[in-house]
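Reminder, nothing fancy here: chain letters follow the sequence lines and each chain counts from 1.
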Amino acid sequence: MSAQKPSLPQGTRDFGPAVVARRNYIFGIIRRVFEKFGYAPLETPTLENLSVLTGKYGEEGDQLLFKVLNSGNFLKKQKGDVIKEEVTPDDLLAGPKKVLPKIAEKGLRYDLTVPFARYVVMNRGTLTFPFKRYQIQPVWRADRPQRGRYREFYQCDADVVGTDSLLCEAEIVLMMSEVLNALGLTDYTIKINHRKILSGLYEALRAEGKEADLFVAIDKLDKIGPNGVSEELSAKGYSNDMIKRLFSFLSVKGNFHDKLTELEKMYKDSIGELRDDSGIWFEIVEGQQYAKSGFIRALENARGFDEIKKVYNYLQAFDFTQFDNLEFDPTLARGLSYYTGCIFEIKINNVNMGSVSGGGRYDNLTGAFGLPGVSGVGFSFGVDRLYDCLEELNLFPSDAATTTRCLVANFDVEGERAMLPVLRQLREAGVASELYPEAGKLGRQFKYADAKGIPFVLLQGSEERAQGRFKLKTMSTGQEQTLTLEEVLAVVQA
RNA sequence: GUAGAUAUAGCUCAGCUGGUUAGAGCGUCGGAUUGUGAUUCCGAAGGUCGUGGGUUCGAGCCCCAUUAUUUACCCCA
């Protein structure tokens, strides 16, 4: 057998001990906050049936799903003597769309929200609503990897389904800021917007065509600037008049409250304008006629403003203090197609990294699985991006990577035997400890401790053993003390 | 899917218009030091120069192809 060069699939990574320890540090903080807010853990399978996943993330998302080839001979099926072709020449001619469902019926999960919705529907009889769950598992996307983007990455989701209450939205903001604070991140922005406000913009422009084109374009405002957005919208068929109108809406300035109220006023003014789309015309004021369908849509969209305000009021009632980190951003769009209400995103400032968290309310995700009328809201941390941010900002605590706290040096055969009970007592005291597994040069053993970041080394050579004492070296300072075992435990446990 | 960049030791990278035997730092291993790491000193191992073709008297360097990695677009955590 010839040796092959080992390699990893594109966009995947190994995680060595130090990295895992630091990821666990992040997981720990997130899990603690989620549990503190009353969310219970859930895990779902890596594989889902493709029928569960497809159509939930938009066209783009479907393409990014990893599909898993059916087991066995996926081209033919044999029953008794009858061999049935699964994939016919006609299918092949018709292309991948026709062939794919016949050869792949499973896929890797793309996020945690859709599997959660599936779980809720399948277990509706046994769940107590509102149902709050958190979920920390990897997800897969067949994307081209680049900075902060991997094909396999961890998401930490917290979602609640079965209630419309905007308290949940407010608590999401609280959880977001609490996690970021605990991680030592200070310069961040939690952006909030509402799908209905976005739809309202679309309505106010009297635009036609795909809403999503508009959302995707304005979402890029801070990246490609007004000119870029104009160009993109022109290309999608938006008139100069509409674009001009859009920017007058988006020009709102000031703090959270100012921006929101100003935009709301502009929007409500525009509702009162005559509209020319099809529908039943009816009279509203002073003999003017309005298209009823558009008017009703517009009124419905206006609720977006009320909801954001309520979330804000909840936060004030909570004595939330970090309003400086909270921004109402009417350009925030988010691509996932299932959002219907408030939407969130977190940007870590002064780090070249996409959003580290995103989420929102989805009114009818369970409807796709036959359970309509169950509203849900949730969000997700991208741990891999958080990790990259913490690393770039040097915010990992120095002991986050350490597992062993005390290395017991190994002098010789008798020494090794004498240290075994000591090792046991260290461990019983809850001190992560290891005995260097072979007698040998102390230099090597200290190097080992240094390389692993072990803070203490415990030694007992013949001299110390004669006095019934130990020598404890603190690696960071190089200081050594001669101590009894009790004293050693006290120092090491501190 | 589209476009660019890169590929030389375990890692990070030098390598002159194309010219003898391809270098450094870090790491690893050995020694100075058989009771002391990070710091000091000495030494050693480690390379089909991504792969396959081509040009040339001669290719790490030039050309073509290919694979991988990476950045950006699209989209997203």
It should be established whether [X] places a side-chain nitrogen or oxygen under 4.0 Å from OP1 or OP2 of nucleotide [N].
| X | N | answer |
| --- | --- | --- |
| Gln146(A) | U71(B) | no |
| Gln445(A) | G37(B) | no |
| Lys447(A) | U28(B) | no |
| Arg444(A) | U36(B) | no |
| Lys223(A) | C73(B) | yes |
| Lys220(A) | C75(B) | yes |

Given atom [atom1] of [X] and atom [atom2] of [N], what is their separation to the nearest angstrom?
| X | N | atom1 | atom2 | answer |
| --- | --- | --- | --- | --- |
| Arg151(A) | A77(B) | CZ | P | 17 Å |
| Ile224(A) | A72(B) | CD1 | C1' | 14 Å |
| Leu442(A) | A38(B) | CG | P | 13 Å |
| Trp140(A) | C75(B) | CH2 | C1' | 20 Å |
| Leu407(A) | G37(B) | CG | C1' | 11 Å |

**Prompt:** Do Leu426(A) and Arg405(A) pass the side-chain contact (heavy atoms from CB on, under 4.5 Å) test, and can you show the C-alpha distance, the side-chain angles, and the key distance before you say yes or no?
**Reply:** CA-CA 10 Å; Leu426(A) 278 165; Arg405(A) 183 146 178 87; over 6 Å; no
**Message:** Which is more 5' along RNA chain B, the nucleotide nearest Glu60(A) or the one nearest Lys473(A)? Just name the residue.
**Reply:**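 The residue whose closest nucleotide sits nearer the 5' end is Lys473(A).
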**Message:** Here's a test of your reading of the structure: between Glu232(A) and Leu8(A), which maps to the more 5' nucleotide of RNA chain B?
**Reply:**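 Final value for this comparison: Leu8(A).
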Could one point to a donor on the side chain of [X] or the base of [N] with an acceptor on the other under 3.5 Å away?
| X | N | answer |
| --- | --- | --- |
| Gln10(A) | U69(B) | no |
| Arg385(A) | C76(B) | yes |
| Arg149(A) | C75(B) | yes |

**side-chain contact (heavy atoms from CB on, under 4.5 Å) between Leu458(A) and Leu407(A), worked out** = CA-CA 6 Å; Leu458(A) 186 68; Leu407(A) 177 73; over 6 Å; no
Give me the distance, rounded to whole Å, that separates [N] from [M] when you measure between the [atom1] atoms they each carry.
| N | M | atom1 | result |
| --- | --- | --- | --- |
| G15(B) | A72(B) | P | 25 Å |
| U48(B) | G60(B) | C1' | 13 Å |
| G53(B) | U71(B) | P | 32 Å |
| C63(B) | G18(B) | P | 10 Å |

Give [X] one of three labels, base, sugar-phosphate or nothing, depending on what nucleic acid heavy atoms sit under 4.0 Å from its own.
| X | value |
| --- | --- |
| Gly148(A) | base |
| Tyr150(A) | base |
| Gly354(A) | nothing |
| Ser355(A) | sugar-phosphate |
| Glu463(A) | base |
| Phe411(A) | base |

**Message:** The side chain of Arg141(A) is closest to which nucleotide in this list: G37(B), A77(B), U2(B)?
**Reply:**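 Of the candidates, A77(B) comes closest.
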**Request:** Compare the minimum distances between each of C74(B), G37(B), U71(B) and the side chain of Arg147(A), then state the nucleotide with the smallest one.
**Result:**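 Closest of the options to the side chain of Arg147(A): U71(B).
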**Message:** Working to the nearest 0.5 angstrom, can you tell me the gap between Ser234(A) OG and Asn240(A) CG?
**Reply:**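 Nearest 0.5 Å value for the OG-CG distance: 5.5 Å.
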**Request:** Output the distance between atom CG (Leu485(A)) and atom CD (Glu487(A)), rounded to the nearest 0.5 Å.
**Result:**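 Atom-to-atom, Leu485(A):CG and Glu487(A):CD are 9.5 Å apart.
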**Request:** Apply the test salt bridge (charged side-chain N to carboxylate O under 4.0 Å, His left out) to residues Arg141(A) and Glu152(A): give CA-CA distance (whole Å), side-chain angles for both, the deciding distance (0.1 Å), then the verdict.
**Result:** CA-CA 7 Å; Arg141(A) 296 184 186 176; Glu152(A) 176 184 55; over 6 Å; no
**Pair Asp219(A)-Thr331(A), side-chain donor/acceptor within less than 3.5 Å** =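 Their side chains do not contain a donor-acceptor pair, so the 3.5 Å distance test is not met.
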Mutual orientation of the aromatic rings belonging to [X] and [Y] [parallel < 30°, tilted 30-60°, perpendicular > 60°]:
| X | Y | value |
| --- | --- | --- |
| Tyr387(A) | Phe396(A) | tilted |
| Tyr362(A) | Tyr338(A) | perpendicular |
| Phe323(A) | Tyr312(A) | tilted |

**Message:** Taking Watson-Crick (N1-N3 plus N6-O4 or O6-N4) and G-U wobble (N1-O2, O6-N3), each under 3.5 Å, can you produce the dot-bracket string of RNA chain B? Use [ ] for crossing pairs and | for inter-strand ones.
**Reply:** (((((((..((((.....[...)))).(((((.......))))).....(((((..]....))))))))))))....
**Message:** When you compare the ring of Phe153(A) with the six-membered ring of A77(B)'s base, are the centres less than 5.5 Å apart and the planes under 30° from each other?
**Reply:**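 So yes, this residue stacks on that base, both cut-offs being met.
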